[in-house]
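Written out below as structure tokens is the structure these notes cover.
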Amino acid sequence: MIVPLDLRQTAPNSANQRTNLLAVASGKGGVGKTWFSITLSHALTLAGRKALLFDGDLGLANVDVQLGMMPHRDLGTVLAGQTTLAEAATRYPAGGFDIIAGRSGTGSLAQIPPSKLAALRNDLALLSNGYDFVIMDMGAGIERTVRSFATQARACIVVTTDEPTAITDAYAFIKVTAMERPNADLRIVVNMASSIREGERTYGILLKACREFLKIEPELGGIIRRDQHVREAIRKQSSLLTRYPNTEAAQDIQAIAQRLIETF
């Protein structure tokens with residue numbers, strides 16, 4: 001069941017529109033970025049924070065699919081001028097957080113004009129005043145739409161795994177972002193690690209490259225251990241923290257959420 005969000009009860013919580021925007025990105029697909037965004041939003045909600053999950057993977061959106069939702073309003077209707085961004089915000093009852101869905105199965109949103117993209121960014125910044133955290137699930141890669149949204153975030157979490165291609169592409173994203181925003185708050189999250197130690201090793205590889213070639217040191221945002229319950233939760237179209245709240249991956253996500261609360 002989908003419960004429309006009553007936006008008349010949404011009140012600003014900050015004079016600074018950008019302080020609560022958090023971008024979640026990756027150099028390539030298949031690293032669990034959307035799953036991480038969903039579960040992080042849920043973890044922040046369980047910690048008492050009001051969260052909005054924005055599906056910014058324009059063209060290949062799947063937040064609603066992973067949650068088993070069928071919203072009547074999404075970014076497609078917003079960009080078509082049929083609804084406002086605020087009207088597209090929908091409550092996910094099982095998690096207690098709100099989502100703005102993308103438009104699954106179409107590549108048209110990835111080609112929107114720069115003027116509409118700028119308007120969408122501005123609307124999201126205004127809407128974010130009603131939340132403690134706005135998690136932006138960005139598309140994989142370093143395309144224009146991804147960078148455009150990432151530039152307005154207070155911090156950007158780059159999700160990777162221990163696969164060489166994932167590490168290489170994560171580095172590419174960090175490099176481009178650091179060139180555009182030298183003082184960007186970049187944090188690395190290693191997903192599907194076989195152990196905490198192996199996750200730290202993967203982070204060390206990326207950190208070494210960033211130190212040597214970019215002269216920056218992105219901090220470790222967290223390590224999420226490989227957990228068979230994650231696949232099962234995705235298959236059941238539900239949040240891991242609803243179905244398997246006591247598993248290793250669930251504990252790791254909650255630790256990341258707590259660290260964000262403390263540092264934001």
### Query
Is the closest side-chain heavy-atom distance between Phe36 and Val24 below 4.5 Å?
yes
### Task
Examine the side chains of Arg73 and Thr83 and answer whether a donor and an acceptor come within less than 3.5 Å of each other.
no
### Message
So, taking the atom named CD1 in Ile38 and the one named OG in Ser238, what distance separates them when rounded to the nearest 0.5 Å?
### Response
10.0 Å
### Query
Do you see a donor-acceptor pair shorter than 3.5 Å between the side chains of Asp137 and Thr34?
yes
### Message
Side chains of Gln254 and Leu46, heavy atoms from C-beta outward: is any pair under 4.5 Å?
### Response
yes
### Reported CZ-to-CG distance for the pair Arg231 and Leu240, which is rounded to 0.5 angstrom
13.5 Å
### Task
Not counting sequence neighbours, which residues clear salt bridge (Lys or Arg N to Asp or Glu O under 4.0 Å) with Arg197? List them please.
none
### Query
Parallel, tilted or perpendicular: which fits the ring planes of Phe97 and His42, with parallel below 30° and perpendicular above 60°?
tilted
### Task
Quick one: pull up CD1 in Ile234 and OG in Ser239 and give me the separation to the nearest 0.5 Å.
10.5 Å
### Query
So, do Phe264 and Leu44 sit near enough that their side-chain heavy atoms are less than 4.5 Å apart?
no
### Query
Is a side-chain donor-acceptor pair under 3.5 Å present for Asp98 with Tyr131?
yes
### Message
Any heavy-atom pair between the side chains of Thr202 and Thr161 that's under 4.5 Å?
### Response
no
### Message
Do Asp55 and Leu75 make a side-chain contact, defined as non-hydrogen atoms from C-beta onward lying under 4.5 Å apart?
### Response
no
### Message
Can you tell me how far apart OG (Ser128) and CG (Leu52) are? Round to the nearest 0.5 Å.
### Response
8.5 Å
### Query
Looking only at atom types and distance, does a side-chain atom of Asp74 sit under 3.5 Å from a main-chain N or O of Thr77, one as donor and one as acceptor?
yes
### Query
Atom CD1 in Ile157, atom CZ in Arg187: separation rounded to 0.5 Å?
7.0 Å
